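Residue numbers begin at 1 in each chain, while the letters A, B, ... track the order of the sequences. All values derive from a computational prediction rather than experimental measurement.
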Amino acid sequence: MVSILDALNPAQQQAVQAIEGPVLVLAGPGSGKTRVLTHRIAYLINVIGVDPFHILAVTFTNKAAREMRERLEQLIGPGPTAGLTVGTFHSICSRILRRGIVHLGRERDFVIYDADDQERLMRRVLRSLSLDEKQYPPRAIRNRISSAKNELVGPHEFARVNRSYYDEIVTRCYERYQELLRESNALDFDDLLVETVHLLEYHPDVTAHYHDRFVYLLVDEYQDTNRAQYELIKLLAARRRNLFVVGDEDQSIYAWRGADVRNILQFEDDYPDAQVILLEQNYRSTQEILDVAQAVISGGERKHAKNLWTDNGKGRQVSLHEGYDQNDEAQQVVDEIARLIAGGDYRLSDCAIMYRTNAQSRALEEALITRGVRYQIVGGTRFYERKEIKDVLAYLRLLANPYDGVSLGRVLNVPARGIGERTESELNRWSAELGVPIYQALQELANMEGRQSPFATRTRNALLAFLSLIDELIDLVKQHDLPTLIGAVVDRVGVYEALLREYGADDGEDRWSNVLELRNVSNEYINLPREAQLATFLEEVALVADVDSLDPQKDAVTCITLHQAKGLEFPVVFLVGLEEGLLPHSRSMDDRGALEEERRLLYVGATRAKERLYLHYAFRRITYGHVNTTAPSRFLSHIPKSLLHPPIKRQQSITPQSTMFTQRSDVSSGVGKGYQKNRSSRSRASAGPTEITFAPGQQVRHARFGEGIVVSSKLVDGDEEVTVHFADQGEKRLLASFARLERVD
DNA sequence: CTACTGATTTTTTTT
DNA sequence: AAATCAGTAG
């Protein structure tokens with residue numbers, strides 16, 4: 001009991017022990033706000049005696065939720081945390097909606113559409129309204145609708161407020177889009193929030209239920225909540241008013257996604273009796289790092305300036321480095337990492353490289369590969385966004401909900417089965433005419449006499465063959481557990497053959513191993529009741545974020561975007577690409593608000609560092625395939641020279657151009673080859689019949705499961721299936737081709 | 001309908 | 001530099 005308050009400073013204690021009612025914690029970076037949240041929950045449970053069942057904590061990512069749970073278990077033991085609800089807005093809304101499904105006037109469970117699905121649906125909308133995709137880009141319209149939804153603006157109100165001709169088009173799309181969503185039994189990402197707010201607004205009994213259920217509400221990263229999330233919280237907290245929010249206006253970096261800092265700035269207006277607690281002491285960084293961060297942020301406009309301080313000591317000076325180009329920049333970073341590791345003070349996992357755009361990771365990746373430095377990369381093309389994965393998932397979603405029009409459209413001709421563009425649009429048109437989902441239209445077609453059919457016999461047969469394939473697969477759902485089901489679907493559909501045909505042997509095998517990995521992931525759902533496995537899997541797959549996959553145990557350098565780095569910390573941080581056009585990004589330069597957000601992004605990045613911070617920019621950079629000379633970021637000019645280690649040129653000094661060229665071409669060709677070799681050898685391992693390469697007793701390491709001992713190994717479907725006993729996880733069966741088992745000697 | 005080829009466009013950030 | 005698109009031959 002004492003331990004809950006023991007390790008906290010007075011301000012933190014005050015927050016943790018706050019009496020009932022609204023509480024606003026304004027917390028600077030590294031001030032232990034996550035700690036305060038965790039300890040607050042522990043305090044509520046252990047000291048106040050609150051049933052964890054009555055506590056709801058909202059985090060920004062699933063990873064943060066998981067970590068909070070873990071720390072809580074360390075603090076008060078696993079038993080008392082059992083009934084606690086911790087999750088992201090989206091996952092919590094998804095759960096509330098599934099429970100309240102009957103109020104939504106839907107009979108079936110819904111599927112969740114991600115950005116890609118949204119865009120496909122929008123294409124269908126545009127086509128059905130005979131609008132030109134060139135003139136009205138689906139993505140732009142989707143964005144428009146998405147921001148409207150974030151502000152809880154429905155089609156009707158949208159039309160009322162926005163009256164330009166273009167907006168009239170958007171309104172029509174919005175309406176049709178919603179119709180099609182409903183027909184597909186689908187909700188898009190934004191709908192999860194919107195529908196939940198509506199559910200609570202229009203169903204007082206449901207709200208009452210949640211008022212009884214969630215007596216204590218805690219929200220992290222409150223500065224990044226959007227209007228819908230704000231309303232949701234307001235509704236949930238209305239009766240009890242035990243709302244505990246934590247945030248930092250200086251770390252608001254999601255305005256482009258609808259986040260509204262006013263939510264945190266006006267908290268005291270919303271709740272005049274709110275206790276406000278300021279956490280200014282920083283426990284993370286050295287004073288030198290904080291000074292630089294402060295200098296960056298003070299250059300901007302902000303409401304209440306915080307005064308960050310630390311007693312961590314002065315630490316090393318932050319350094320600023322100019323590279324010749326992005327490859328040189330990457331080289332400098334990797335050299336420094338190698339130097340730090342060799343010095344023995346740091347491990348690879350202590351180092352993080354942060355950048356503004358995902359595209360910047362490529363040069364870094366190449367440099368890391370050439371030097372043989374292990375790394376994990378967050379972002380880029382996410383696993384669940386890969387085409388082959390989305391295709392398989394589309395089949396699975398279709399089995400869970402055959403009315404899902406986007407998924408149906410996605411797999412209708414994948415693999416190619418003679419149903420082309422023409423047939424597809426005719427099918428769309430026809431089902432719209434009937435006013436039924438496509439799946440139902442196909443069923444009608446099956447019941448029709450051949451000559452009544454709007455399709456030529458050959459086309460009709462292709463469509464009916466597809467329908468019976470789907471029906472055949474639907475029958476499998478009840479018969480198998482999830483991994484077996486996925487195996488069966490993939491097999492019946494002929495995914496492997498299709499991938500080989502489409503991408504050639506090497507890439508096809510790579511993609512195939514992704515599919516096998518998907519099946520592997522599904523193993524985690526095997527203990528659920530069979531009928532819940534598929535739905536739960538699909539839901540969680542839709543809501544995972546990329547940071548969620550970050551493994552802090554793994555000894556590897558982390559490469560991550562500044563946005564995703566929020567909430568993380570590393571002893572050593574490299575911020576790269578600090579140039580005009582990149583940070584601030586060129587797309588943010590003409591808007592004052594956006595520009596300020598870029599500044600905060602740099603601030604967030606700098607404050608991730610505990611001990612060492614390196615700032616990098618390049619003299620020139622290749623973008624869109626051609627070379628541009630760059631200027632150092634304007635934000636750097638706000639940092640007093642005295643705070644920075646004088647800019648260091650490359651160790652050998654900037655060598656004559658010719659040397660630079662030889663050096664770089666060496667590097668890049670080396671990378672090319674190394675990378676290729678790497679890829680193809682991985683592919684070969686999974687191609688066709690292989691040999692057994694793991695022997696019982698062999699010590700191995702897996703990224704997620706840790707170290708283990710090989711129990712047995714056998715050939716299955718031309719792949720090596722290794723059974724490994726892991727110390728923490730028990731026995732797992734893994735496929736050698738993609739599990740990336742490392743041998744430990 | 002599919003597969004290939006050359007032209008054109010594209011990246012900001014993500015739950 | 002890579003991905004997507006449009007047009008064409010089979």
Could you tell me how far apart [X] ([atom1]) and [N] ([atom2]) are, to the nearest whole angstrom?
{"X": "A:R600", "N": "B:dT13", "atom1": "CZ", "atom2": "P", "value": "18 Å"}
{"X": "A:E221", "N": "B:dT14", "atom1": "CD", "atom2": "P", "value": "15 Å"}
{"X": "A:Y254", "N": "B:dT15", "atom1": "OH", "atom2": "P", "value": "6 Å"}
{"X": "A:D591", "N": "B:dT13", "atom1": "CG", "atom2": "C1'", "value": "14 Å"}
{"X": "A:I622", "N": "B:dT10", "atom1": "CD1", "atom2": "C1'", "value": "16 Å"}

Do the side chain of A:Q223 and the main chain of A:D250 share a donor and acceptor less than 3.5 angstrom apart?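 Side chain of A:Q223 to backbone of A:D250, a donor-acceptor pair under 3.5 Å: no, none is there.
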Is a donor on one side and an acceptor on the other found under 3.5 Å between the side chain of A:N628 and the backbone of A:I622?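 Not confirmed, A:N628 side chain does not pair with A:I622 backbone.
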So, are A:E539 and A:R95 salt-bridged, with charged N and O less than 4.0 Å apart?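 Salt bridge flag = no for A:R95 with A:E539.
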Exercise: identify the closest heavy-atom pair between [X] and [Y]:
{"X": "A:A606", "Y": "A:L575", "answer": "N-CD1, 3.7 Å"}
{"X": "A:E580", "Y": "A:P632", "answer": "CG-O, 3.6 Å"}
{"X": "A:A228", "Y": "A:K149", "answer": "CB-O, 4.3 Å"}

Look at all strands and tell whether [X] reaches a base, only sugar-phosphate, or nothing, counting heavy atoms closer than 4.0 Å.
{"X": "A:K387", "answer": "nothing"}
{"X": "A:R458", "answer": "nothing"}
{"X": "A:T423", "answer": "sugar-phosphate"}
{"X": "A:F60", "answer": "sugar-phosphate"}
{"X": "A:N413", "answer": "sugar-phosphate"}
{"X": "A:A359", "answer": "base"}

What are the bounds, 5' to 3', of the part of DNA chain C that sits under 4.0 Å from heavy atoms of chain A?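 Result: C:dA1 to C:dA6.
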